[in-house]
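For reference, the structure is listed below as structure tokens.
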Amino acid sequence: MSRDIQAVLEKLAGNDGLAAVEMKWLREQYEAEWQKLSLGRSAQIADWLDANGIAHQPAPLPRRETDYVMLYERQSPIGIYIAAARLEGPFARSPVGAAMMLGHLARTVSPNAAPDESQDETEA
């Protein structure tokens, strides 16, 4: 039994809580003795990730070892933005809060964005 969540966490930590990994690598971290994946095994890996605060896309996890998946820590900044965009977690009951948060993000990454209305004019 492998279950090397530390390797997964280290990969995420080195990439701001976000990483793209091949399913083969993920299988090896979970159970190196498995020769191949199946839908059931992919589901076991997904449960293991979830229990450790790690989400993934696509969902469900694919069973082909050559497929890449995106992993992210739910409590990382990117995880919080993804939850807001998907209206998950605390955002499930607060679409307005999610929209405000994502709007702020959009203004910070868009070169043509309107100024943030929450800023004081002296700060602009």
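Along the sequence shown, residues are numbered consecutively beginning with 1.
- Connection of Tyr81 to Val109 is established within a shared hydrophobic cluster, with ILVMFWY side chains joined at heavy-atom distances below 4.5 Å, either directly or through further cluster members.
- One finds the CG atom of Leu61 at 10.0 Å from the CG atom of Asp67 (value rounded to the nearest 0.5 Å).
- At least one donor-acceptor pair closer than 3.5 Å links the side chain of His56 to the backbone N or O of Pro58.
- Contact detail for Gln35 and Arg41: the closest heavy-atom pair is N-NH1, 4.3 Å.
- Atom NZ of Lys24 is separated from atom OG1 of Thr66 by 10.5 Å, given to the nearest 0.5 angstrom.
- Taking Ser76 as the reference, Glu73, Ile78 meet the side chain to side chain contact (heavy atoms under 4.5 Å, CB included) condition, with sequence neighbours excluded.
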_Worked check of side chain to side chain contact (heavy atoms under 4.5 Å, CB included) between Arg74 and Asp50_ = CA-CA 9 Å; Arg74 290 187 193 282; Asp50 186 54; 2.7 Å; yes
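- Residue Ile5 holds its CD1 atom at 11.0 Å from CD of Glu10, rounded to the nearest 0.5 Å.
- The same ILVMFWY cluster, assembled from side-chain heavy atoms under 4.5 Å apart, contains both Trp25 and Leu12.
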_Criterion side chain to side chain contact (heavy atoms under 4.5 Å, CB included) on Leu102 and Phe91, from CA distance to verdict_ = CA-CA 11 Å; Leu102 293 171; Phe91 299 104; over 6 Å; no
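- Met100 and Arg107 get closest at one heavy-atom pair: O-NH2, 4.4 Å.
- Counting only distance, with no hydrogens or angles, the side chain of Asn52 and the backbone of Trp48 share a donor-acceptor pair below 3.5 Å.
- Under the 3.5 Å distance criterion, the side-chain polar atoms of Arg27 are left unmatched by any main-chain donor or acceptor of Leu37.
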*asked:* Test side chain to side chain contact (heavy atoms under 4.5 Å, CB included) on Leu26 and Val8; report intermediate values, then the result.
replied: CA-CA 8 Å; Leu26 199 52; Val8 177; 4.3 Å; yes
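- Formation of a donor-acceptor pair under 3.5 Å by the Arg63 side chain with backbone atoms of Ser42 is not found in this model.
- Counting all heavy atoms, side chain and backbone alike, Ala84 lies closest to Ala98 at O-CB, 3.5 Å.
- No path of Ile, Leu, Val, Met, Phe, Trp and Tyr side chains, each step under 4.5 Å between heavy atoms, connects Tyr68 with Leu71, placing them in separate hydrophobic clusters.
- For the side chain to side chain contact (heavy atoms under 4.5 Å, CB included) test, residues two or more places apart in sequence or in another chain that qualify with Met70 are Leu18, Gln57, Tyr72, Ile82.
- Taking OH of Tyr30 as the start and CD of Gln44 as the end, the distance is 4.5 Å to the nearest 0.5 Å.
- When all heavy atoms are compared, the tightest approach of Pro62 to Met23 is O-CE, 3.2 Å.
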